[in-house]
2 protein chains.
Amino acid sequence: MTRQSRSGDATVAAVRHFTRFFTRRIGVLRRRLYASPFSLVEARVLYEVAHHPGTSAGAVASGLGLDPGQLSRTLNALVRRGLVRRRKATGDARRHALETTARGAKAFAGLDSASRAEVAALLAPLGAHDRDALTGALATAERLLEPARPAADEFVLRSPAIGDMGALTAAQARLYAREYGWNGEFEALVAEIVAKFIRDFDPARERCWIADRRGEIAGSIFLVKESDKVAKIRLVYLEPWARGVGLGRRMLAECLAFARACGYAKVVLWTNDCLVDARRLYEKAGFVLVESERHRSFGKDLVGQSWSLDLSAR
Amino acid sequence: MTRQSRSGDATVAAVRHFTRFFTRRIGVLRRRLYASPFSLVEARVLYEVAHHPGTSAGAVASGLGLDPGQLSRTLNALVRRGLVRRRKATGDARRHALETTARGAKAFAGLDSASRAEVAALLAPLGAHDRDALTGALATAERLLEPARPAADEFVLRSPAIGDMGALTAAQARLYAREYGWNGEFEALVAEIVAKFIRDFDPARERCWIADRRGEIAGSIFLVKESDKVAKIRLVYLEPWARGVGLGRRMLAECLAFARACGYAKVVLWTNDCLVDARRLYEKAGFVLVESERHRSFGKDLVGQSWSLDLSAR
DNA sequence: CCCGATTAGTTGACTTTGTCAAATATCAAT
DNA sequence: ATTGATATTTGACAAAGTCAACTAATCGGG
């Protein structure tokens with residue numbers, strides 16, 4: 001997937017290249033639509049109205065990037081054909097609430113499934129792995145091109161698949177390298193931890209959760225067995241773009257629920273004091289700081305912290 | 001980045017979602033062009049002619065996905081304005097060779113740099129890491145959407161950056177899982193090997209090459225020290241889409257040249273007999289099979305092979 | 001409650017883009 | 001030279017996109 005820091009120019013070139021490529025590729029997809037009785041814009045408007053019943057013309061126009069005038073005319077055509085209804089909106093008489101008629105909904109369903117089939121045909125030659133890779137790549141591209149915070153409900157907590165351990169290693173190594181300047185030593189440490197996790201995995205008492213958004217890894221948390229009564233949380237991380245939507249809390253809660261269900265009496269973890277957000281998370285969950293010691297690791301002077309949570313209390 | 005096998009439907013939905021997103025995003029970029037005296041199609045045609053001097057109308061039309069008629073008129077407009085020249089092509093009098101005039105080249109340069117600046121502005125909020133991630137993601141997406149074999153000269157051999165070891169681990173684990181059904185044990189092994197490589201790295205006598213195509217990892221090869229006189233090749237792999245363009249040979253050659261320069265007398269490697277392509281590569285480079293033994297690893301019954309190359313001979 | 005400024009949407013008058021079929025000029029091969 | 005293909009142009013439109021003027025409602029003070 002990645003990378004050696006390239007110049008800004010190279011990225012600009014890559015984006016322009018992709019834009020040209022995709023314009024051509026989309027062009028092909030678009031043209032196909034002409035087997036239907038709808039023009040491309042009509043189909044897009046129908047899609048928008050079908051997906052957001054009750055929207056206003058303005059919302060549709062800005063959602064599709066269309067000129068309000070053009071949209072008005074397109075809507076007229078759809079209304080004339082009995083596919084879309086304009087209804088008085090509640091409160092503001094300037095705007096109309098738009099919705100599809102029964103006929104419009106049916107026409108849209110036809111269009112939609114045709115479009116789906118077309119894309120499915122495009123993807124037919126790809127194997128499962130390539131599909132997953134494509135899904136993730138598109139999610140990454142969109143996230144980076146669109147400066148908007150993802151919604152909490154887009155994240156799924158799932159167990160790891162093959163390759164995820166390596167991907168996690170890469171993600172964490174890169175994250176801490178750019179945020180704190182840690183060196184390859186940290187990547188080696190993570191690689192050793194995940195290798196050990198795979199080798200000694202006890203499915204009944206250990207688990208790993210991957211936070212996944214549209215096929216892109218957003219974070220992780222591991223629970224491993226230290227002894228019969230003590231579990232240890234490891235490799236907690238969250239991509240910066242996935243922070244601030246309560247995902248960390250959710251992951252920790254999931255992890256602790258599992259620890260309780262396993263009958264552990266205590267959960268411990270080790271972290272560094274520079275990871276402020278994570279520390280706050282542990283405190284809120286009831287963890288207490290047990291020990292703190294200076295150490296030199298990953299090319300930096302750090303302060304390691306041991307935290308502990310008593311599960312038998314409560 | 002990644003993934004847990006999702007249904008075909010989910011990928012279709014992801015592609016459709018991205019198409020809508022990108023259509024809107026491109027729309028914004030396109031409109032900006034209108035500050036110039038060129039229409040969008042004129043600009044695109046000018047771009048194509050400037051980049052491929054001497055092309056024919058047909059080539060431009062199919063390259064941009066334009067109707068030949070539309071293109072003909074657009075060319076007329078550009079010729080009328082003195083920006084493009086039609087010249088008799090050598091051999092075939094039906095087609096004209098197209099090229100920009102001096103004025104056309106100048107106009108194009110202005111457009112081009114404006115477009116570059118615009119994309120650069122779009123990317124301005126991104127840090128180096130995000131830029132690299134975007135570059136790689138776009139390369140992945142394009143590769144998967146366009147069924148065309150990459151050209152040999154697009155691949156660069158470079159040394160690893162932070163995160164590459166984890167990414168390699170993921171890539172190899174996934175590759176061998178889908179091609180040969182190997183399980184997580186293999187991923188653990190790779191993670192251990194890369195961890196050890198980082199920890200014990202001897203820059204004078206060891207090296208790792210990453211094959212990189214447009215920010216996407218396409219393969220790897222490692223040379224590590226076994227003893228003063230013996231080096232070992234490890235973790236050789238090549239993505240299926242990067243095969244068949246002589247890249248494997250190039251990587252092995254690079255690696256062996258380095259081994260020679262280091263003064264090693266012998267290079268050894270261990271592989272499995274099911275990796276047929278790799279074996280052929282080693283044979284061609286002069287390696288001889290030293291030993292072969294059955295073993296059970298990665299959830300499969302395999303035949304391991306030790307190969308050796310004497311560097312002192314020759 | 002009224003008044004000016006804003007906002008949502010419509011309409012008219014365009015230009016640009018995209019489509020399709022027919023026409024013209026070669027070319028390649030018998 | 002004739003025939004069937006290929007490259008490009010032209011004509012006639014349909015669809016998409018732009019821009020400014022216009023209508024009707026709403027909002028935020030006085």
Side-chain angles (χ1 to χ4, degrees), chain A residues 23-24 26-49 52 54-81 84-98, chain B residues 23-24 26-49 52 54-81 84-98:
Chain A
T23 301
R24 194 159 32 83
I26 282 182
V28 173
L29 282 185
R30 297 184 133 186
R31 236 141 282 168
R32 292 286 151 70
L33 208 66
Y34 279 70
S36 84
F38 299 101
S39 76
L40 176 60
V41 169
E42 285 171 341
R44 293 215 292 152
V45 169
L46 198 52
Y47 180 99
E48 203 70 9
V49 173
H52 308 285
T55 36
S56 63
V60 173
S62 76
L64 296 178
L66 288 179
D67 181 85
Q70 185 184 0
L71 178 70
S72 176
R73 266 181 281 261
T74 308
L75 278 175
N76 276 339
L78 292 174
V79 169
R80 208 178 319 117
R81 289 206 259 167
V84 169
R85 218 186 343 250
R86 281 192 176 98
R87 207 175 252 180
K88 288 227 170 74
T90 53
D92 190 334
R94 285 173 309 177
R95 60 181 49 162
H96 313 169
L98 301 170
Chain B
T23 301
R24 192 160 33 85
I26 283 184
V28 174
L29 284 185
R30 299 185 132 185
R31 236 143 282 169
R32 293 284 152 73
L33 206 66
Y34 279 71
S36 84
F38 298 101
S39 76
L40 175 61
V41 169
E42 284 172 342
R44 293 215 291 152
V45 169
L46 199 51
Y47 179 98
E48 202 69 10
V49 173
H52 308 285
T55 37
S56 62
V60 173
S62 75
L64 296 177
L66 288 179
D67 180 85
Q70 186 184 0
L71 178 69
S72 175
R73 266 180 281 261
T74 308
L75 278 175
N76 276 340
L78 291 174
V79 169
R80 207 179 316 119
R81 289 205 259 168
V84 168
R85 211 178 2 241
R86 282 193 176 99
R87 205 175 255 178
K88 289 228 170 73
T90 54
D92 190 334
R94 286 172 308 177
R95 60 182 50 164
H96 311 169
L98 300 170

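First the proteins, then the strands, lettered A, B, ... as listed; each starts at 1. The analysis underlying the following values was restricted to heavy atoms, covering all of them including side chains, and did not include hydrogens, waters or symmetry mates.
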Legend entry - B/V49 and B/L78, any side-chain heavy atoms less than 4.5 Å apart: no
Legend entry - Residue-phosphate contact under 4.0 Å: B/N76 side-chain N/O, D/dT10 OP1/OP2: yes
Legend entry - Atom-pair distance (CG on B/L75; C1' on D/dT10), nearest Å: 14 Å
Inset, instruction - Take the protein atom CG of B/L66 and the nucleotide atom P of D/dA7, then report the distance between them rounded to whole Å. - result: 17 Å
Inset, instruction - Could you go through the side-chain contact (heavy atoms from CB on, under 4.5 Å) check for B/R86 and B/V79 one step at a time? - result: CA-CA 8 Å; B/R86 282 193 176 99; B/V79 169; 3.9 Å; yes
Legend entry - OP1 or OP2 of C/dT17 under 4.0 Å from side-chain N/O of B/Q70: no
Legend entry - Closest approach of B/A59 to B/T55 (non-hydrogen atoms, all atoms of both residues): CB-CG2, 4.2 Å
Legend entry - A/V41 vs A/Q70 side-chain heavy atoms within contact, under 4.5 Å: yes
Legend entry - Nucleotide C/dG18, atom P - distance to CZ of A/F38 in whole Å: 22 Å
Inset, instruction - Both distances under 3.5 Å, Watson-Crick or G-U wobble: on that basis, could you give the dot-bracket string for DNA chain C, with [ ] for crossing pairs and | for other-strand partners? - result: ||||||||||||||||||||||||||||||
Inset, instruction - Round to a whole Å and report the spacing from CG of B/L71 to C1' of C/dT17. - result: 13 Å
Inset, instruction - Starting from P on D/dT6, measure out to CZ on B/R95 and report it in whole angstrom. - result: 11 Å
Legend entry - Electrostatic pair A/E42-A/R81, nearest N-O below 4.0 angstrom: yes
Legend entry - Which atom of B/L75 lies closest to which atom of B/A57, heavy atoms considered: CD1-CB, 4.1 Å
Inset, instruction - Have a look at A/T74 and say if it touches a base, only the backbone sugar-phosphate, or nothing, with a 4.0 Å heavy-atom cut-off. - result: nothing
Inset, instruction - Check whether any side-chain heavy atom of B/L66 sits under 4.5 Å from a side-chain heavy atom of B/R44, and report yes or no. - result: yes
Inset, instruction - Using a 4.0 Å heavy-atom cut-off across all strands, classify B/G69 as base, sugar-phosphate, or nothing. - result: base
Inset, instruction - Look at A/S39 and D/dA16 and indicate whether a side-chain polar atom (N or O) is within less than 4.0 Å of OP1 or OP2. - result: yes
Inset, instruction - Indicate whether OP1 or OP2 belonging to D/dA15 is found under 4.0 Å from a side-chain N or O atom of A/R44. - result: no
Inset, instruction - Measure from CG on B/D67 to C1' on D/dG11 and round the result to the nearest Å. - result: 13 Å
Inset, instruction - To the nearest Å, give me how far apart NE2 (B/H96) and P (D/dA7) are. - result: 13 Å
Legend entry - A/R73, nearest nucleotide to its side chain (from D/dT9, C/dT16, C/dT11): C/dT11
Inset, instruction - Give the rounded distance in Å between these two atoms: CG of A/L40 and P of D/dA14. - result: 18 Å
Legend entry - Test side chain to side chain contact (heavy atoms under 4.5 Å, CB included) applied to A/E48 - qualifying residues, sequence neighbours left out: A/H52, A/V60, A/L64
Inset, instruction - Locate the shortest heavy-atom distance separating A/P68 from A/A61; write the atom from each residue and the value. - result: CA-CB, 4.4 Å
Inset, instruction - Report the residue (A/E42 or B/G58) whose heavy-atom-nearest nucleotide on DNA chain D is the more 5′ of the two. - result: B/G58
Inset, instruction - With rounding to the nearest 0.5 Å, note down the distance linking CG in A/L46 to OG1 in A/T74. - result: 11.5 Å
Pairwise N/O distances under 3.5 Å, protein to nucleotides 24-27 of chain C:
| unit_1 | atom_1 | unit_2 | atom_2 | d |
| --- | --- | --- | --- | --- |
| C/dT26 | O2 | B/R94 | NH1 | 3.3 |
| C/dC27 | OP1 | B/G91 | O | 3.4 |
| C/dC27 | OP1 | B/A93 | N | 2.4 |

